[in-house]
Amino acid sequence: NPPVNEQRQALDSAAILEEQENYTVYELTFQRDGLQIYGNLYLPNTDDQQYPTAVIAHGFGSSYSYMAPYAAYLAEQGVAGYVFDFCGGSTGSRSDGSTLDMSVLTEVSDMQAVLDGITDYSFVDLEQVYLMGESQGGLVSALLAERAGEDIHGLIMLYPALVIPDDARERYSSVSDIPETSRVFGTPVGRTYFSDVLDMDVFQEIGNFSGPVLIVHGDADSIAPISYSQQAVELYPAAELVTLDGAGHGF
């Protein structure tokens, strides 16, 4: 982990969007390959100098605002939460980029850029940095946790879409079969969305992260079957799966 020192940034220049009794919301942006990533930081209103910090990822076709209630809840518990839009993450994304250029792997790069950027700030306790994601953002968080290793101290996945590579293979048997553009749940995507995961074996890519893992999944999820989470929880050294009876994709 990088050392905590005077070189780490303060929030002095960040715009304040909202002030609540227990937390303050700041507008905070980061960069990835010349693209701006838009997001909001929910920072607890206490006298502490540093906070446990969670980087929170939305799902396919969604946005930072969908995950904002989680960030607000965490801030009320003394945990800083950062929610952001993936580049091209939806047709209404406030971050740069097109849905036609977005894939699971571009979103891993986005989340890595956010992680690198936010840990430069002095409010972050570098010994308590967490990743959290829902649906496709859950898969992205899992992939990044493997890459970031000891820089991440816990992983939370809500109905993670670990099924995405299998879904891609059900649609297409080879990259040459993938059209230039298509639609997923009504959102236009480019060839890279499928080609980036066509050869991905999820359970070879995840499961080595040694920190604590919490997975929350509904047993009536028809989009991302809970069987994938049941398999994943057996791979991680320290994982727990909480099953919500009757819950579908999202709750």
Side-chain angles (χ1 to χ4, degrees), residues 1-33 35-58 64-87 89 94-95 107-134 137-138 140-158 209-214 238:
N1 292 328
V4 179
N5 55 48
E6 293 85 9
Q7 302 303 312
R8 299 181 72 203
Q9 299 179 59
L11 281 170
D12 298 341
S13 60
I16 293 177
L17 300 178
E18 181 184 344
E19 292 187 81
Q20 296 288 340
E21 180 181 355
N22 295 318
Y23 61 84
T24 300
V25 183
Y26 295 85
E27 185 177 81
L28 211 55
T29 61
F30 298 103
Q31 300 283 327
R32 192 266 293 172
D33 298 332
L35 299 173
Q36 179 171 275
I37 300 171
Y38 177 87
N40 290 176
L41 169 69
Y42 287 67
L43 195 67
N45 288 341
T46 72
D47 293 330
D48 294 339
Q49 297 300 304
Q50 293 185 325
Y51 300 93
T53 301
V55 177
I56 306 170
H58 68 75
Y64 76 98
S65 59
Y66 184 79
M67 303 305 286
Y70 290 101
Y73 174 81
L74 289 174
E76 289 171 348
Q77 317 307 314
V79 177
Y82 182 75
V83 290
F84 65 100
D85 275 356
F86 284 112
C87 293
R94 294 189 65 176
S95 294
E107 291 195 346
V108 172
S109 296
D110 290 345
M111 201 170 188
Q112 178 73 70
V114 168
L115 178 65
D116 291 343
I118 207 161
T119 50
D120 278 343
Y121 281 91
S122 57
F123 68 83
V124 177
D125 178 352
L126 295 176
E127 298 302 321
Q128 296 190 78
V129 177
Y130 303 89
L131 300 181
M132 178 178 178
E134 58 109 15
V140 170
S141 299
L143 293 170
L144 181 55
E146 298 285 321
R147 296 185 181 189
E150 293 181 355
D151 290 339
I152 303 301
H153 303 90
L155 170 65
I156 302 164
M157 293 183 282
L158 308 179
F209 174 67
S210 60
V213 177
L214 173 65

Side-chain polar contacts of residues 13-24 - donor-acceptor pairs under 3.5 angstrom, sequence neighbours left out - could you list them?
{"residue": "Glu18", "atom": "OE2", "partner": "Gln20", "partner atom": "NE2", "Å": "2.6"}
{"residue": "Thr24", "atom": "OG1", "partner": "Asn45", "partner atom": "OD1", "Å": "2.8"}

Among residues at least two apart in sequence or on other chains, which ones pass side-chain hydrogen bond (donor to acceptor under 3.5 Å, both in side chains) with Asp116?
Gln112
Which residues pass the side-chain hydrogen bond (donor to acceptor under 3.5 Å, both in side chains) test with Ser210, not counting sequence neighbours?
none
Kindly say whether [Y] contributes a backbone atom to a donor-acceptor pair with the side chain of [X] at under 3.5 angstrom?
| X | Y | result |
| --- | --- | --- |
| His58 | Asp85 | no |
| Glu146 | Phe209 | yes |
| His153 | Val129 | yes |
| Ser122 | Gln9 | yes |
| Asp48 | Gln50 | no |

Spacing of CD1 belonging to Ile37 relative to CD belonging to Glu107, to within rounding of 0.5 Å:
10.0 Å
Could you grab the distance from atom CD1 of Ile152 to atom CD of Glu150, nearest 0.5 Å is fine?
11.5 Å
Checking [X] now: which residues fulfil ring-ring contact (aromatic ring centres under 6.0 Å, His included) with it, not counting sequence neighbours?
| X | answer |
| --- | --- |
| Tyr64 | Tyr38 |
| Tyr51 | none |
| Phe30 | Tyr82 |
| Tyr121 | Phe123 |

Within the structure provided, determine whether [X] and [Y] are in side-chain contact (heavy-atom separation under 4.5 Å).
| X | Y | value |
| --- | --- | --- |
| Leu41 | Leu11 | yes |
| Leu43 | Tyr26 | yes |
| Ser95 | Phe86 | no |
| Leu155 | Leu214 | no |
| Arg8 | Val124 | yes |

Which side-chain N or O atoms in residues 70-79 pair as donor and acceptor under 3.5 Å with protein atoms at least two apart or in another chain?
{"residue": "Gln77", "atom": "NE2", "partner": "Tyr73", "partner atom": "O", "Å": "3.3"}

Kindly write out the residues that satisfy salt bridge (Lys or Arg N to Asp or Glu O under 4.0 Å) with Arg94, not counting sequence neighbours, or none if the list is empty.
none
Can you list the residues that meet the salt bridge (Lys or Arg N to Asp or Glu O under 4.0 Å) rule with Asp110, with sequence neighbours excluded?
Arg32
